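Here is the structure we will look at, set down as structure tokens.
A quick note: this is a predicted structure, and the numbers were derived from the prediction, not measured. Atom set for the values below is all heavy atoms of this structure, side chains included, hydrogens, waters and symmetry mates excluded. Both counts, for ligands and for their atoms, begin at 1 and track the order of listing.
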Amino acid sequence: MFEIVFLGTSASAPSVHRGLSSQVVIHDEFRFLIDCGEGTQRQILQSGLGFKRLNRVLITHGHLDHILGLAGLLSTFMRWETIDKLEIYGGQWALDRIYDLIYGIVLRGAKPPMDLQLVQIKAGAIFDEDDFTVTAFPVWHRGPDCFGYLFEEKTRRPFLPKKAEELAIPPGPWRRDLVNGKSITLPDGRVIHPNQVLGSERPGCRMAHVGDVGRTDELIQVVQDVDALIIEATYMEEEIDMADQFAHLTARQAAQLAADSQVKHLVLTHISRRYRERDVLAEAQAVFPNTFVARDFDAFQIRRGECVKTEYVKQTPNSK
Ligand SMILES: [Zn+2]
Ligand SMILES: [Zn+2]
């Protein structure tokens, strides 16, 4: 399961109800902050997520509405909050701009408050963990080196406790080894093979996140069949010329991509304040009914074939 919590869902400039682009993807103990628009640190506090383990940032591209929040976040880390390590992943162009922001403006010769790494990525796998991977793929927008991110659980064979009981396998390290595909020898001398206690292969869930983007033809294969596609919808069809000019999508174009790639669910973000949310939703749903428009602090739990919107625990504002 992947969970995504939207921290900012506005395009280009904030609105009264929407902050600038940022979201957190959670998988077990892993957390990835995708983009960090201005004001993100306050959204992190308000969401109740906190800064703990928030030490991997994936940047979609270097436009200011996606990176300026890194300056404020670093500034806070210099004074109060502590984390051991911060890794910022992105294309070269985005990282050059982030380098200038952090080292030229925020630090100006001071030491970073943690082990700070700017990691240049290319298309391909960027994380390969025990049970999931994250892959970067190229995205066409204004400027070079823009990336989308594909989160995929690995195929796994579930452990069948009933079978283990039948075979009288005691709890503990033997069961773990079997789950990891190793044959074991029990204290009574019996040899048990993983096939005896594991069910048939189950594909994991898949979620794709695409930031700003002006063309969808190259994405049809990449996001094919994902359980949830998170993508921008900056414009509506009435302003398709502007969408073209600034390399963004209309809600209908995003929905057409979802339909063409047979994704299971579509979540739209990067919403312009010039439109009403329900109009954006209606335009997309006319093409792809399984569409949501994300709001700040919306959370979605994504499992195989499922994308369920949940209420994320928001910090209750101080009554003073
Ligand atoms: Zn943007
Ligand atoms: Zn942009």
Side-chain angles (χ1 to χ4, degrees), residues 4-25 32-44 57-73 88-101 120-121 123 136-149 208-219 222-223 229-236 239-254 257 266-275 277 280 284 293-296 298:
I4 182 164
V5 183
F6 287 88
L7 298 173
T9 57
S10 186
S12 309
S15 71
V16 175
H17 299 291
R18 296 177 185 273
L20 288 173
S21 282
S22 188
Q23 43 264 302
V24 177
V25 174
F32 300 90
L33 183 69
I34 303 183
D35 287 342
C36 189
E38 177 199 335
T40 294
Q41 57 172 333
R42 186 154 187 273
Q43 303 290 85
I44 292 172
V57 185
L58 310 180
I59 297 294
T60 59
H61 67 299
H63 286 158
L64 294 177
D65 58 321
H66 297 255
I67 65 164
L68 275 182
L70 289 168
L73 197 60
I88 302 173
Y89 295 81
Q92 188 58 57
W93 189 83
L95 290 189
D96 285 348
R97 202 169 196 183
I98 291 167
Y99 182 94
D100 290 348
L101 178 66
Q120 189 199 345
I121 55 168
F137 53 90
V139 162
W140 190 86
H141 181 50
R142 302 194 315 280
D145 296 335
C146 306
F147 289 100
Y149 298 101
H209 179 281
V210 180
D212 296 7
V213 58
R215 254 171 71 179
T216 57
D217 52 329
E218 294 154 330
L219 298 179
V222 185
V223 305
L229 168 64
I230 323 297
I231 195 166
E232 72 128 301
T234 310
Y235 290 96
M236 291 184 60
E239 292 182 297
I240 192 166
D241 293 346
M242 298 259 279
D244 256 7
Q245 189 186 341
F246 295 106
H248 283 295
L249 298 183
T250 67
R252 192 199 58 77
Q253 288 172 319
L257 169 65
L266 174 67
V267 185
L268 300 177
T269 183
H270 205 268
I271 306 299
S272 169
R273 57 186 174 183
R274 56 219 280 153
Y275 307 122
E277 181 188 295
V280 175
V293 175
R295 292 180 177 177
D296 290 14
D298 273 355

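- The one candidate from T234, L249, T60 that meets the side chain to side chain contact (heavy atoms under 4.5 Å, CB included) condition with V213 is L249.
- The number of protein N, O or S atoms lying under 2.8 Å from the Zn ion (ligand 1) is 4.
- Side-chain rings of H270 and H66 approach one another, their centers coming within less than 6.0 Å.
- Residues satisfying the salt bridge (Lys or Arg N to Asp or Glu O under 4.0 Å) test with E218, not counting sequence neighbours, are R215.
- A side-chain donor-acceptor contact under 3.5 Å links Y275 to the backbone of M236.
- In this structure, S10 contributes its side chain and A13 its backbone to a donor-acceptor pair below 3.5 Å.
- Donor-acceptor pairing under 3.5 Å is recorded for the side chains of Q92 and D96.
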